[in-house]
Amino acid sequence: MSKMDNLRALREARYEQDKAARTAPSTGTAPAARKAAPRRATAAPSRGSAPSGTAGTPPAESACGHRAISGRTCTRPAGHAEKNHRYA
């Protein structure tokens with residue numbers, strides 16, 4: 001028997017086990033279905049972001065506010081001429 005034949009036999013055996021498990025009547029020992037966690041109304045502050053006044057308030061209006069992938073926000077003034085952003 002070749003390696004591929006062995007793999008095929010194992011795959012078919014696993015398929016038959018899964019099929020038998022699906023058709024068997026459940027005895028109540030299966031783990032309970034996971035309930036979706038309720039989403040929070042406010043977003044949690046991201047790691048590494050600079051504290052800006054009070055928690056949950058957006059940064060000052062004069063800041064650029066560009067958000068990086070890491071969640072940090074740009075601290076340069078809005079409409080800055082520099083090509084790059086400065087994150088705090």
Side-chain angles (χ1 to χ4, degrees):
M1 197 179 252
S2 71
K3 180 179 178 181
M4 293 307 292
D5 291 334
N6 286 335
L7 290 173
R8 187 175 296 120
L10 287 172
R11 184 178 64 230
E12 289 174 1
R14 189 174 303 129
Y15 174 77
E16 292 298 325
Q17 287 177 345
D18 291 343
K19 185 178 175 183
R22 283 191 303 261
T23 59
S26 65
T27 59
T29 59
R34 292 173 77 182
K35 295 181 181 178
R39 292 192 173 237
R40 294 169 46 178
T42 59
S46 60
R47 292 186 324 175
S49 62
S52 59
T54 59
T57 60
E61 292 297 324
S62 63
C64 171
H66 179 265
R67 296 196 58 99
I69 293 174
S70 63
R72 295 179 174 184
T73 56
C74 178
T75 57
R76 291 189 190 263
H80 58 85
E82 294 84 359
K83 284 188 166 184
N84 57 353
H85 295 280
R86 182 181 294 152
Y87 302 107

Going by the angle between their ring planes, with limits at 30° and 60°, are His66 and His85 parallel, tilted or perpendicular? parallel
Heavy atoms of Tyr15 and Arg22 approach each other most closely as CE1-NH2, 4.3 Å
Give the minimum heavy-atom separation between Ala63 and Cys74, together with the two atoms involved. CB-O, 4.1 Å
Which residues satisfy the side-chain contact (heavy atoms from CB on, under 4.5 Å) test with Arg14, sequence neighbours excluded? Asp18
Quick one: are Glu16 and Glu12 in side-chain contact, heavy atoms under 4.5 Å? no
According to the salt bridge (charged side-chain N to carboxylate O under 4.0 Å, His left out) rule, which pairs have a member within residues 77-88, sequence neighbours left out? Arg76-Glu82
